[in-house]
Amino acid sequence: MTERQILVAANWKMNGTLETIRPLLQSVIQGVQGTKSEVVICPSSVYISELATLLQQSEIKLGAQNVSQLEKGAYTGEVSALMLKDFGCGYVIVGHSERRALYAENDVMVAKKFMAVQKNGMTPILCVGELLEERESNCTEEVIARQLDVVIELAGIAAFENAVIAYEPVWAIGTGKTATPEQAEEVHEFIRLRLARHDNEVADIVRILYGGSVNAGNAEQLFEMANIDGGLIGGASLVAEDFLTICRAMR
Ligand code: 13P
């Protein structure tokens with residue numbers, strides 16, 4: 001089995017101002033020195049340029065929270081993959097449940113965003129996850145399979161050699177209700193097996209992050225699971241000490 005490096009990605013969502021993100025970032029830059037995990041920060045797109053400058057001497061990588069699936073043109077308010085690349089983004093979150101739910105992003109759009117990111121040499125972080133009703137009616141695997149299969153079909157399995165998957169059960173996001181390590185592991189294993197139907201090697205190397213109320217107290221137990229390769233962190237990534245504790249949580 002491949003040794004997969006833990007990846008901890010901060011999703012700042014629509015939070016922060018220059019006044020708050022500068023000291024937060026400074027503490028994180030200093031605190032992550034010497035950690036073995038790969039660390040990515042995804043600020044709001046207006047702060048990408050600022051972070052690109054501040055992260056110049058740091059190991060921390062820059063990411064974005066969203067991207068247009070289209071290349072360029074008259075799409076007011078959109079940000080293209082080329083623009084993100086231009087400012088040094090290495091990662092882009094696609095298909096976050098908030099975008100699926102609040103901005104009507106469907107599986108095909110998400111797959112197109114995934115491809116736009118890769119076409120520009122960046123790594124997509126593909127979010128998948130079920131709603132509470134779906135879990136309660138035992139549809140978790142069906143939902144995850146559908147979300148994954150569309151991307152596999154449109155982008156091809158080989159595309160996952162340079163992709164990260166984030167399992168974020170919607171009921172666990174911002175609710176303080178984390179999936180137990182066992183609940184999460186069950187879905188992570190399912191995701192890996194789903195990819196392995198197409199290509200064992202790709203399934204083995206792809207990193208699968210868990211997201212949904214990860215905090216300083218539960219990260220370690222989650223990251224101990226065989227198929228959990230790190231986390232996508234919302235609320236706790238806005239508090240330097242908490243985020244650093246998560247970055248230091250190892251297998
Ligand atoms: P919370 O960590 O705030 O639950 O958010 C998770 C998330 O949506 C990360 O993308």
Side-chain angles (χ1 to χ4, degrees), residues 6-16 20-21 24 28 37-45 47-48 51 60-67 84 89-105 110 113-114 117 122-132 134-135 140 143-144 147-148 151 163-181 183-184 187-188 191 207-223 225 228-249:
I6 292 278
L7 171 61
V8 180
N11 177 5
W12 285 355
K13 307 192 180 181
M14 198 174 73
N15 290 296
T20 61
I21 64 175
L24 169 61
V28 173
S37 304
E38 184 178 358
V39 178
V40 178
I41 297 185
C42 306
S44 155
S45 60
Y47 295 128
I48 284 174
L51 262 73
I60 298 173
K61 297 186 181 135
L62 182 57
Q65 298 173 12
N66 181 35
V67 66
L84 297 176
C89 284
Y91 289 88
V92 184
I93 297 171
V94 297
H96 191 280
S97 67
E98 286 151 16
R99 297 215 55 91
R100 292 179 190 259
L102 304 171
Y103 302 97
E105 290 191 6
V110 172
K113 289 177 181 224
F114 179 103
V117 171
M122 300 175 290
T123 303
I125 301 177
L126 170 67
C127 298
V128 297
E130 81 287 3
L131 305 170
L132 183 60
E134 293 166 337
R135 173 161 284 262
T140 300
V143 171
I144 306 289
Q147 292 172 336
L148 275 178
V151 184
V164 172
I165 296 170
Y167 169 55
E168 298 207 305
V170 180
W171 48 271
I173 295 178
T175 57
K177 256 206 239 166
T178 326
T180 63
Q183 273 176 324
V187 180
H188 282 232
I191 292 171
R207 287 182 291 183
I208 308 175
L209 315 183
Y210 169 77
S213 299
V214 178
N215 60 42
N218 60 26
E220 185 136 343
Q221 289 146 299
L222 285 160
F223 299 175
M225 307 307 285
I228 301 185
D229 308 309
L232 182 54
I233 322 297
S237 72
L238 299 167
V239 182
E241 263 324 299
D242 292 354
F243 185 63
L244 287 168
T245 304
I246 297 168
C247 293
R248 293 184 197 114

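Worth saying up front: this structure is predicted, and the values here are computed from it rather than measured. Just follow the structure's listing: the first ligand is 1, and inside any ligand the first atom is 1.
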For Q65, what residues pass the side chain to side chain contact (heavy atoms under 4.5 Å, CB included) criterion, not counting sequence neighbours?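 Side chain to side chain contact (heavy atoms under 4.5 Å, CB included) list for Q65, sorted by chain: N11, W12, C42.
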In terms of ring plane angle, is the pair Y167 and H188 parallel, tilted or perpendicular, where the classes change at 30° and 60°?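 Ring orientation, 0 to 90° scale: perpendicular.
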Nearest heavy atoms of C127 and L232, plus distance in Å: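 Heavy-atom minimum between the residues: SG-CD2, 3.9 Å.
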What is the minimum heavy-atom distance between A249 and S37, and which atoms define it?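 So the minimum-distance heavy-atom pair works out to O-OG, 4.3 Å.
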Sidechain-backbone polar pair: S44 side chain, Y47 backbone, donor-acceptor under 3.5 Å: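 A pair under 3.5 Å: no.
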Using heavy atoms and a cut-off under 4.0 Å, could you grab the residues that are in contact with ligand 1, chain by chain, numbers ascending?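 Only N11, K13, H96, E168, A172, I173, G174, G212, S213, L232, G234, G235 have heavy atoms that fall under 4.0 Å of ligand 1, ordered by chain and number.
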Candidate pair V128 and V151, rule side chain to side chain contact (heavy atoms under 4.5 Å, CB included), full reasoning: CA-CA 11 Å; V128 297; V151 184; over 6 Å; no
